[in-house]
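Remember, predicted model here, so these are calculated numbers, not experimental data. Atoms within each ligand, like the ligands themselves, are counted from 1 in listed order.
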Amino acid sequence: MKQTLETVVLLNFGCSDIQKFARAIRDRHIYTMVMPYTVTADRVRQENPCGLIVCADAGTPARPEAMEKFAALNLPTLTLDNGAADVEKAVEFCFNECKCSGSWKMENFIEEAIADIRAQVGSGKVVLGLSGGVDSSVVAALLHKAIGDQLTCVFVNHGLLRKNEAEMVQKIFARNFKMNLCYIDASDRFLDKLKGVADPEQKRKIIGKEFIEVFAEAASKTGAEFLGQGTIYPDILESIPLDGDPKGVIKSHHNVGGLPENLKFKLVEPVERLFKDEVRAVGKLLGLPSELLDRHPFPGPSLGVRHIGPIERDTLKILQEADAIVTEELIKADWYHKTWQTFAIFLPIKTVGIKNGQRSYDYVIAIRSINSVDAVTAEVVQLPWSLLDIMMKRIISEVDGVNRVVYDITQKPPGTIEWE
Ligand code: XMP
């Protein structure tokens with residue numbers, strides 16, 4: 001694929017906005033790669049770039065001694081040192097001095113990725129863990145287009161999914177795409193292990209460990225030698241130390257999800273060079289529905305970290321029902337895409353109320369709605385009172401066991417987005 005790409009390399013001298021830069025230039029159909037300034041000139045040469053952009057900040061200037069080694073590459077070079085205002089200048093540089101033609105398009109990416117996958121896998125088998133999230137879903141669609149029945153997707157239902165989620169994933173992948181989908185309902189196994197566990201870290205550990213065991217067992221049964229992974233470019237960039245071993249740029253990231261050592265899969269990571277929005281664009285071109293591609297981010301441990309206290313089947317059902325109402329009303333009111341995440345949380349406290357004219361003593365549901373750019377900080381969304389009122393009324397009348405709904409008004413920090 002590299003041969004046909006016009007690549008501009010961004011040398012990172014500690015610029016905090018570098019991912020934003022790389023992404024913005026790609027929006028103009030110019031392929032960018034980010035490398036730490038410690039990279040060797042030879043490593044840069046391997047990518048056959050048509051230009052270099054030196055990205056520094058006021059606090060981290062591009063030191064001349066660090067720049068010296070790149071002079072031998074004899075490439076057009078632009079130095080940027082103050083944030084997003086310079087993107088336009090960078091784009092002009094790519095077109096005018098690097099002579100880029102602007103051919104980085106997702107349609108071309110798909111064609112080339114398919115050829116790459118076929119070349120790597122040959123007639124081998126690939127197994128992929130499908131979570132219903134954007135990255136693994138797009139990788140599933142891409143692999144399927146490339147190798148069809150040589151792919152088996154494994155979808156583990158750990159019992160902590162949202163209402164109707166297992167059905168939705170099966171419908172999209174097994175029925176519409178006709179993929180080999182191995183669906184494992186391991187709800188009982190997970191919920192039994194989680195019985196009585198209240199500590200959030202403990203819950204996360206149990207869910208993670210069981211997940212790996214169930215997945216590894218299913219994966220080894222497929223006889224696959226390759227493991228598909230939804231690694232994306234930010235995963236890789238964030239694992240490269242700026243001052244560390246320059247070889248790190250090739251790939252230090254290998255998030256194989258902690259699979260046991262004896263399962264020696266070769267990795268297939270077809271979207272590892274893409275940013276999230278590009279992954280979505282590929283998914284759209286491959287025919288994945290918006291209900292899957294444009295969903296709010298969802299944590300790995302799923303409703304497990306939105307159900308405070310020990311998880312019981314009946315209280316988990318309360319959370320699933322309440323969460324479904326929140327999402328449904330949010331979509332109906334056209335607020336879903338205006339928020340980063342909006343969801344319900346189950347609180348294991350009972351309060352006194354009046355339901356159907358009678359004294360009740362039931363649980364509390366909290367609603368949280370936030371906006372964020374990168375999930376590092378988040379602001380609370382002031383959802384219309386009328387919408388919150390509808391959610392509250394529906395939750396109380398339709399979900400048995402709840403008689404009070406509260407709204408979380410805590411920004412991040414000090415609160416985290418998830419409650420656990
Ligand atoms: P917090 O709660 O740390 O969440 O403010 C930040 C973002 O990350 C999501 N999140 C997770 N995502 N696995 C994930 O893939 C996890 O264990 C996990 N925990 C939190 C959270 O939903 C928010 O978008």
Identity and distance of the protein heavy atom lying nearest [atom]:
atom: atom 3 (O) of ligand 1; result: K412 NZ, 3.7 Å
atom: atom 23 (C) of ligand 1; result: Q341 OE1, 3.4 Å
atom: atom 4 (O) of ligand 1; result: I417 CB, 3.9 Å
atom: atom 7 (C) of ligand 1; result: A375 CB, 3.8 Å
atom: atom 15 (O) of ligand 1; result: G300 N, 3.5 Å
atom: atom 12 (N) of ligand 1; result: P299 CA, 3.5 Å
atom: atom 21 (C) of ligand 1; result: E418 OE2, 3.4 Å

Checklist entry - What class does the angle between the rings of H158 and F190 fall in, given that below 30° is parallel, 30 to 60° is tilted and above 60° is perpendicular? => result perpendicular

Checklist entry - Going by the angle between their ring planes, with limits at 30° and 60°, are F109 and W104 parallel, tilted or perpendicular? => result perpendicular

Checklist entry - Who are the side chain to side chain contact (heavy atoms under 4.5 Å, CB included) partners of P310, not counting sequence neighbours? => result A198

Checklist entry - Got a sec, which residues hit side chain to side chain contact (heavy atoms under 4.5 Å, CB included) with T339, two or more places apart in sequence or on another chain? => result H296, L330, W335, T342, S369, N371, V381, L383

Checklist entry - Within a distance of under 4.0 Å, is there any protein heavy atom near atom 9 (C) of ligand 1? => result no

Checklist entry - Would you say the side-chain atoms of R404 pair up with the backbone N or O of V364, donor to acceptor, closer than 3.5 Å? => result no

Next on the checklist: Tell me if a side-chain donor or acceptor on T79 pairs with a main-chain N or O of V54 at a distance below 3.5 Å.
Outcome noted: no

Checklist entry - If you measure from CD1 on I308 to CD1 on I349, what distance do you get to the nearest 0.5 Å? => result 9.5 Å

Checklist entry - Touching ligand 1 at all, R204? Heavy atoms, strictly under 4.0 Å? => result yes

